[in-house]
Amino acid sequence: RSGRSAALRARMEERLLGARFRYLNQQLYTGSSRDAARLFRADPAAFHLYHRGFERQVRRWPERPVQRIVRYLRRRPASLVVADFGCGDCTLAASVRNQVHCFDLVPLSPRVTVCDMAEVPLADESVDVAVFCLALMGTNLQEILGEANRVLKLGGTLMVAEVASRFEDTHAFLKAMTQLGFRTVSKALSSSYFYLLEFAKTGPARPGPTPGLRLRPCLYKRR
Ligand code: SAH
């Protein structure tokens, strides 16, 4: 009998965690990067809960998108300096020989520099590769990608991995990226559920509205 109630309690706790994860996830995708920074600064426990939920989600996928970025970097010189925006547990930094600047809101690893990705403590044109792996969460995409443009050297690489269903209009998105100073080098739909996009920096971002720069929130279903 007590075994049954313990199992019931575990199931209820699991449900509650799932519900909190989905709620936090929705907040991250429907607010600005600054709102996200405020949220996690006020409640670091929420961040750890979010990451537990994220890990559980990612384990269901056939491949972790970050592994694709690891493979990409291993094919290129290890001397390239990398910035990982929204690094999570720093899997990327731990898997390559490159110098990797890791940015996230709360340190899951001692490698992390805590900051809002819209404002990273790097000099202009100081990195060769900027990475957003499932990390384009804030609604202020223009500002976030503008920051990546600022820290990238001319000709530098921007890698974006995002869930395919987030793209409403891929063509319009890529057109907006041109205005932000990024030329599309390659666009691959990987394992049918995420896009791997590679861009090269052509120059500074041009000011002005970019209506095509929109991604749907990535909301997870209750299971
Ligand atoms: N890139 C990692 C983690 C992806 S989860 C991987 O592929 O495994 C998305 C990460 O972005 C989370 O760790 C989240 O905390 C971070 N993030 C979300 N908004 C952020 C912001 N405004 N500034 C910095 N990091 C942010």
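Each ligand, and each atom within it, is numbered from 1 in the order the structure gives. If you read the sequence from its start, that first residue is 1, and numbering goes on from there.
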(message) Please list, in number order, the atoms of ligand 1 under 4.0 Å from a heavy atom of L134.
(response) 4 (C), 5 (S), 9 (C)

(request) Find out whether L215 and F167 are in side-chain contact, i.e. whether some heavy atom of one side chain is under 4.5 Å from a heavy atom of the other. (result) yes

(request) Work out whether the distance between some heavy atom of R34 and some atom of ligand 1 is less than 4.0 Å. (result) no

(request) Give the contacting part of F54 toward ligand 1: side chain, backbone, both or neither, where contact means a heavy-atom distance below 4.0 Å. (result) side chain

(message) Could you work out, for atom 14 (C) of ligand 1, the closest of D104, L28, L24 by heavy-atom distance?
(response) D104

(request) Can you sort out which atoms of ligand 1 are near G88, meaning under 4.0 Å from one of its heavy atoms? (result) 3 (C), 13 (O)

(message) Below the 3.5 angstrom mark, is there an N/O of A36, backbone or side chain, next to an N/O of ligand 1?
(response) no

(message) Any donor-acceptor pair under 3.5 Å linking the side-chain atoms of T210 with those of Q142?
(response) yes

(message) So, regarding C133 and ligand 1 (criterion: nitrogen or oxygen to nitrogen or oxygen, under 3.5 Å), is there a contact or not?
(response) yes

(message) Can you confirm whether R216 is buried at CZ, in the sense that more than 12 heavy atoms of other residues, nucleotides or ligands lie under 6.0 Å from that atom?
(response) yes

(request) Report yes or no: does A161 have a heavy atom closer than 4.0 Å to ligand 1? (result) no

(message) Just to check, does F132 reach to within less than 4.0 Å of ligand 1 when the distance is taken from its heavy atoms?
(response) no

(message) Geometry only, no angles: is D116 polar-contacting ligand 1 at N/O separations under 3.5 Å?
(response) yes

(message) Heavy atoms only: which of V106, V58, L105, T113 lies closest to atom 21 (C) of ligand 1?
(response) L105

(message) Show the atoms of ligand 1 that are less than 4.0 angstrom away from any heavy atom in H51.
(response) 12 (C), 13 (O), 15 (O)

(message) If we set the cut-off at 4.0 Å for heavy atoms, which region of M137 has an atom near ligand 1: side chain, backbone, both, or neither?
(response) side chain

(request) Flag the pair R20 / L17 as yes when at least one side-chain heavy-atom distance between them is below 4.5 Å, and no otherwise. (result) no

(request) Give, for atom CG of N98 and atom CZ of R74, the distance between the pair rounded to the nearest 0.5 Å. (result) 10.0 Å

(request) Quick one: pull up CD in E147 and CZ in F85 and give me the separation to the nearest 0.5 Å. (result) 6.0 Å

(request) Carefully, step by step, assess R52 and E55 under the rule salt bridge (charged side-chain N to carboxylate O under 4.0 Å, His left out). (result) CA-CA 5 Å; R52 272 176 61 189; E55 283 302 319; over 6 Å; no

(message) Quick test: of every protein heavy atom, which one is nearest to atom 11 (O) of ligand 1, and how far off is it to 0.1 Å?
(response) G86 CA, 3.5 Å

(message) Could you measure the distance from the CZ atom of F40 to the NE2 atom of H48? Nearest 0.5 Å is fine.
(response) 9.5 Å

(request) Using non-hydrogen atoms of the residue, decide whether P65 is closer than 4.0 angstrom to ligand 1. (result) no

(message) Let me confirm one number: the CD-CZ distance from Q179 to R206, rounded to the nearest 0.5 Å.
(response) 5.5 Å

(request) Classify the angle between the aromatic ring planes of F54 and Y50 as parallel (below 30°), tilted (30 to 60°) or perpendicular (above 60°). (result) parallel

(message) As an exercise, identify every atom of ligand 1 less than 4.0 angstrom from a heavy atom of F47.
(response) 15 (O)

(request) If you have a sec, work out which protein heavy atom is nearest atom 26 (C) of ligand 1 and how many Å separate them, to one decimal? (result) M117 CE, 3.4 Å

(request) Assess whether atom NZ of K175 is packed by more than 12 heavy atoms of other residues, nucleotides or ligands within 6.0 Å. (result) no

(request) Measure the spacing between CG of N149 and OG1 of T202 and express it to the nearest 0.5 Å. (result) 7.5 Å

(message) Please list, in number order, the atoms of ligand 1 under 4.0 Å from a heavy atom of C115.
(response) 23 (N), 24 (C)

(message) Within the structure provided, determine whether C90 and L108 are in side-chain contact (heavy-atom separation under 4.5 Å).
(response) no

(request) Considering the heavy atoms of S33, write down every atom of ligand 1 situated less than 4.0 Å from one of them. (result) 22 (N)

(request) Find all atoms of ligand 1 within a distance of less than 4.0 Å from any non-hydrogen atom belonging to R64, and give their numbers and elements. (result) 6 (C), 8 (O)

(request) May I ask you to check whether Y50 has an N/O atom sitting below 3.5 Å from an N/O atom of ligand 1? (result) no

